[in-house]
Amino acid sequence: MSLRYDLHAHSTMSDGSLSPTELVEHALQQQVNVLALTDHDTTDGVAEALLAADVVGVNVVPGVEVSVTWNRRTIHVVGLNVDPENAELQQGLAGLRDFRDRRAEEIGRRLEKAGITGAHQAARKYAGGASIGRVHFARFLIEQGHAADMRTVFKHFLVKNKPGHVSGKWASLEQALGWIHRAGGQAVIAHPARYRLSATQLRRLIGEFMECGGEGLEVVSGGHSRNDCFAMAMHAQRSALLASCGSDYHGPENPWIELGRVEPFPPGCTPIWKSPRWRLYDSAQGGYPLQSNLERWPRG
Ligand code: AMP
Ligand code: MN
Ligand code: MN
Ligand code: MN
């Protein structure tokens with residue numbers, strides 16, 4: 001019997017709306033066997049998810065979605081099977097969350113100038129102690145009637161040339177992959193078809209990603225059309241990258257993306273879980289051997 005993998009999902013520890021425990025329970029309902037928790041720039045939900053995994057009987061992969069600035073664009077890199085205890089990873093992610101805090105203040109100031117008051121405070125409330133993302137501003141703006149839904153609110157307020165936009169100053173590709181690898185993990189370019197890169201630009205991104213030791217491409221994503229999946233499968237094969245799949249689930253209020261609803265890979269893909277470095281968390285075995293993982297495949 002084949003297992004169902006969803007290797008990209010968010011909780012309330014970033015901009016998702018389910019707690020790590022609720023997410024794991026939802027994974028069971030959705031017949032997901034292997035779930036990666038990949039919150040933006042934090043692994044703070046991993047410990048709770050692993051506890052819930054033991055109770056519920058779902059395999060949880062400790063992960064993170066790292067914000068990267070590449071060529072003045074924001075790119076997301078998913079780290080899978082990272083050791084959440086790794087000091088260098090934690091220090092790197094803490095720096096990104098500092099930027100998030102400063103950016104949130106600046107978004108608040110810019111919205112204020114556009115006549116929208118109290119946004120920073122409200123976004124902080126929506127974040128509920130997690131570091132603030134654009135989604136938290138979006139929820140406030142929708143609640144205040146400035147837009148009808150997420151898509152519209154982003155388009156009118158939170159993207160380039162709009163009142164609440166602040167450009168990202170995130171990690172470099174080299175930094176992000178260094179943190180992931182030295183925490184024993186594998187790096188995957190998240191939703192590669194979502195960046196509106198030309199084929200040439202995407203090849204350049206993949207080239208630089210592989211020079212940094214990157215191993216995977218998220219061929220199947222909740223944010224991809226079927227055509228995108230096929231195009232990304234071609235890129236993965238051409239570059240001999242492993243293929244990953246994830247819904248990028250953020251919660252039930254985005255009904256067009258459901259946890260575990262990931263299409264099968266186009267033919268010719270090598271799933272990342274078939275790579276020899278993959279270690280499936282097994283609660284019955286008391287976890288997986290993170291430490292020996294690091295000993296066996298030391299990086300950089
Ligand atoms: P941030 O990392 O705080 O800049 O926010 C990025 C997040 O915003 C993504 O992970 C999505 O959850 C959300 N997002 C970005 N663009 C859109 C969009 N056009 N519509 C809805 N959500 C979006
Ligand atoms: Mn998000
Ligand atoms: Mn993303
Ligand atoms: Mn994501």
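Order of listing sets the numbers, starting from 1, for every ligand and every atom in it.
Counting only residues at least two apart or on different chains, no salt bridge (charged side-chain N to carboxylate O under 4.0 Å, His left out) pair has a member in residues 160-174. Screening residues 110-122 for side chain to side chain donor-acceptor pair (under 3.5 Å) gives E106-R110 as the qualifying pairs, with residues at least two apart or on separate chains.
Note on L89: it clusters hydrophobically with F99, by side-chain heavy-atom contacts below 4.5 Å among ILVMFWY residues. A continuous path of Ile, Leu, Val, Met, Phe, Trp and Tyr side chains, each step under 4.5 Å between heavy atoms, connects Y126 with I132, placing both in one hydrophobic cluster.
Taking the ring centroids of H191 and H224, they lie at or beyond the 6.0 Å cut-off. The distance between the ring centers of Y195 and H76 does not fall below 6.0 angstrom.
By the 4.5 Å heavy-atom criterion applied to side chains, D98 and L96 are not counted as neighbours. A 4.5 Å side-chain heavy-atom check between R73 and L197 finds at least one atom pair inside the cut-off.
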Trace of the salt bridge (charged side-chain N to carboxylate O under 4.0 Å, His left out) decision for E143 with R139
CA-CA 6 Å; E143 179 209 71; R139 289 186 191 143; over 6 Å; no
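Checked against a 3.5 angstrom limit, the closest N/O atoms of S67 and ligand 1 fall outside it. Backbone and side-chain nitrogen or oxygen atoms of R151 are examined, and none is located within less than 3.5 angstrom of a nitrogen or oxygen of ligand 1. For ligand 1, the polar-atom distance check against H76 finds no nitrogen or oxygen pair separated by under 3.5 Å. Between W170 and ligand 1, not a single N/O pair is under 3.5 Å apart.
For K155, no heavy-atom contact with ligand 1 is shorter than 4.0 Å. The residue E65 has no part lying near ligand 1, judged by heavy-atom distances below 4.0 Å. The residue L158 has no part lying near ligand 1, judged by heavy-atom distances below 4.0 Å. Contact annotation: for R100 versus ligand 1, heavy atoms closer than 4.0 Å belong to the side chain alone. In H191, neither the side chain nor the backbone holds a heavy atom less than 4.0 Å from any atom of ligand 1.
Residues S247 and D6 bring a donor and an acceptor atom of their side chains to less than 3.5 Å of each other.
With V153, V159, D15 as candidates, the residue nearest to atom 9 (C) of ligand 1 on a non-hydrogen basis is D15.
In this structure, the protein non-hydrogen atom closest to atom 5 (O) of ligand 1 is R134 NE, 3.7 Å. Atom 12 (O) of ligand 1 has as its closest protein heavy atom H250 NE2, 2.9 Å.
Seen from the Mn ion (ligand 2), atom OD1 on D15 and atom NE2 on H250 lie at an angle near 80° (rounded to 10 degrees).
A cation-pi arrangement is absent between R261 and W256 under the rule of less than 6.0 angstrom and at most 45 degrees off the ring axis.
Annotation: protein N, O or S atoms under 2.8 Å of the Mn ion (ligand 3) (waters excluded) comprise E65 OE2, H76 ND1, H191 NE2.
Listed by chain and residue number, nothing satisfies the side-chain hydrogen bond (donor to acceptor under 3.5 Å, both in side chains) test with D101 (two or more places apart in sequence, or in another chain).
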